[in-house]
> 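The structure's right below; bear with me while I get my questions together.
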Amino acid sequence: APAEVTVELPFTTIEPFVTTAEANDAVVAANRVARNVTIRDGDDHWTIPAATIRSWITFRPTPTGGFGPIVDTTQVDKALAPVTAAVARSPKNASFQTSGAKVVGVLPSKNGRALDRKATAARVADLLTARAGGTSSGDVAAVVSVTTPALTTAAAQTFAGKMRPISSFSVFYWVLVNNHWGGNIEAPATKINGTVVPAGATFDFWRDVGDLRKLPGTGPGNAIEGGKITVTGAFGGGICTTSTTLFNAAFRAGMVPLARKNHNEFINRYPPGLDATVWIVGKTKQTMSFKNDTKYPILITRTVTQDGTKRWLTFKIWSVPNGRTYKISDTVIRHGPRAIDTVVRDPTKPVGYFYRNNAPADGAKVWVTVSIYDHGKLHWTERYFSNYPAVNGVLVKGTRT
């Protein structure tokens with residue numbers, strides 16, 4: 001055999017599935033897609049970050065026979081979850097500015113809104129597709145549904161000049177550990193201050209005060225349980241001074257009472273049978289509420305004044321004079337059972353120390369009728385019955401020598 005044999009072999013050129021040019025074009029298109037997406041509603045905007053969008057991209061043959069980035073648009077809806085939460089806004093009623101006994105201005109209302117997540121997701125998907133084709137780089141206009149408030153700025157302006165205080169009610173209290181040094185009374189009263197209840201709407205204590213623990217100055221206070229007072233047995237103890245004061249101001253302005261319940265102690269700082277306790281235990285709550293069934297909005301304001309060792313909480317109801325009057329009648333107070341006053345000796349406190357945990361409060365049964373008249377005609381009436389158990393007094397004395 002010869003030392004070398006040369007044979008000519010036929011070769012066929014096989015083109016790569018993805019050429020360098022196609023790959024480079026795909027990278028360019030992917031980079032166009034993988035940029036922040038800004039979603040706007042007026043002056044507000046929210047962002048889906050580029051890193052999130054990049055995670056949705058894979059490279060595959062395109063339907064037109066080429067090769068490029070494919071965006072998994074099913075991921076868009078999930079990415080809109082935080083945007084949905086950020087867009088959500090309840091409508092805000094217009095409110096009023098006061099000076100002395102006059103309303104001197106209107107604070108503007110604000111529309112509520114909610115994101116139409118499905119429609120907005122479709123717009124985001126269209127934008128990403130357009131980016132891949134090199135035809136779009138703009139923002140996405142959020143698709144939102146708008147809710148107008150019950151009291152708009154324009155409507156408030158028509159009432160403002162005619163509004164004045166139409167009722168007022170005050171209750172005094174002492175600044176003690178029992179009410180967290182006044183914080184459990186004054187913090188919710190401050191949160192309520194400036195609240196507007198439009199015509200036909202209701203005020204609900206817990207809905208409008210919200211989470212008590214988020215209000216500055218609140219803390220543990222007294223609770224009445226089984227005929228005994230625990231000084232710091234309940235978060236927010238003492239808050240009922242706030243609800244009772246507002247309850248009395250409200251019906252005196254012609255507002256129709258809804259939810260109301262008496263305390264478990266006959267408290268002589270309050271009108272007999274016209275106290276209004278509020279509490280939350282687990283998922284159960286007792287609220288205080290009333291309805292503004294007049295033609296005009298009302299504004300609730302509060303003041304706190306010092307009077308020697310006491311403070312006074314005052315709620316005022318402002319509105320256009322509505323022709324409503326009230327009457328408290330046929331009050332019956334049946335006293336008993338009797339409370340017991342006890343002394344608790346505390347060896348951790350020095351001799352001479354004493355602290356009045358609670359004064360003894362006899363039990364009582366009280367009946368009282370509240371009536372509301374509209375231009376002289378009876379509009380609403382309720383005969384309240386309140387059963388107050390006896391609450392024993394506790395005086396703590398130190399015994400340490």
Side-chain angles (χ1 to χ4, degrees), residues 1-92 108-149 152-153 210-211 213-214:
E4 182 178 298
V5 176
T6 300
V7 178
E8 294 287 338
L9 298 176
F11 287 96
T12 301
T13 300
I14 302 175
E15 295 291 336
F17 182 73
V18 179
T19 67
T20 301
E22 288 174 329
N24 287 334
D25 290 343
V27 169
V28 170
N31 286 335
R32 285 198 304 267
V33 174
R35 299 197 310 275
N36 290 348
V37 170
T38 301
I39 301 169
R40 292 190 177 276
D41 180 47
D43 294 332
D44 297 328
H45 66 277
W46 306 270
T47 300
I48 302 176
T52 299
I53 298 169
R54 191 174 294 114
S55 69
W56 304 341
I57 297 174
T58 56
F59 293 91
R60 295 200 298 262
T62 64
T64 58
F67 181 82
I70 303 296
V71 181
D72 182 5
T73 55
T74 62
Q75 299 295 318
V76 176
D77 180 76
K78 181 179 179 182
L80 286 178
V83 178
T84 302
V87 169
R89 182 177 67 206
S90 298
K92 182 181 179 181
S109 62
K110 201 167 189 177
N111 289 338
R113 67 185 179 191
L115 186 71
D116 185 330
R117 193 158 156 177
K118 183 177 180 181
T120 303
R123 288 187 175 185
V124 173
D126 290 343
L127 172 68
L128 298 179
T129 300
R131 279 182 177 181
T135 60
S136 177
S137 60
D139 297 338
V140 172
V143 182
V144 298
S145 57
V146 176
T147 306
T148 57
T152 64
T153 303
D211 187 348
R213 294 177 184 273
K214 294 181 179 180

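Along the sequence shown, residues are numbered consecutively beginning with 1.
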> Tell me, please, which residues at least two apart from Val28 pass side-chain contact (heavy atoms from CB on, under 4.5 Å).
Arg32
> So, for Pro91 and Thr147, which heavy atoms are closest and what is the spacing to 0.1 Å?
CB-O, 3.7 Å
> Determine whether a donor-acceptor pair (N or O, by modelled atom type, separation under 3.5 Å) exists between the side chain of Thr120 and the backbone of Arg117.
no
> Going from CG on Asn31 to CZ on Arg54, what distance comes out if it is rounded to the nearest 0.5 angstrom?
7.5 Å
> Minimum heavy-atom separation for Ser109 to Thr152, with atom names?
OG-CA, 3.6 Å
> For a quick test of reading the model, state the closest non-hydrogen atom pair linking Ala132 to Ala29 and the distance between them.
O-CB, 3.8 Å
> If you round to the nearest 0.5 Å, how far is CZ of Arg35 from OG1 of Thr47?
13.0 Å
> Rounded at 0.5 Å granularity, tell me how far CG in Leu80 sits from CD1 in Ile39.
5.0 Å
> Determine whether a donor-acceptor pair (N or O, by modelled atom type, separation under 3.5 Å) exists between the side chain of Asn36 and the backbone of Ala50.
yes
> Can you give me the closest heavy-atom contact between Leu115 and Ala142, atom names plus distance?
CD1-CB, 3.9 Å
> Tell me the closest heavy-atom pair linking Ile57 and Ala34, and the distance in Å.
CD1-CB, 3.9 Å
> With a 4.5 Å limit on heavy-atom distance, are the side chains of Trp56 and Ile48 in contact?
yes
> Measure from the side-chain N and O atoms of Thr135 to the backbone N and O of Ala130, and report whether any donor-acceptor pair falls under 3.5 Å.
yes
> Mind listing the closest non-hydrogen atom pair of Arg60 and Ile70 along with its distance?
NH2-CG2, 3.2 Å
> Can you tell whether the side chains of Asp41 and Arg89 come within less than 4.0 Å, N to carboxylate O?
no
> Less than 4.5 Å apart, side chain to side chain, heavy atoms only: is that true for Trp46 and Pro82?
no
> So, taking the atom named OG1 in Thr73 and the one named CG in Leu128, what distance separates them when rounded to the nearest 0.5 Å?
8.5 Å
> Side chains of Pro149 and Asn111: does their closest heavy-atom pair fall under 4.5 Å?
yes
> In terms of the angle between their ring planes, are Phe59 and Phe67 parallel, tilted or perpendicular, with boundaries placed at 30° and 60°?
parallel
> Donor-acceptor pair, distance only, cut-off 3.5 Å: does the side chain of Arg123 make one with the backbone of Ala141?
yes
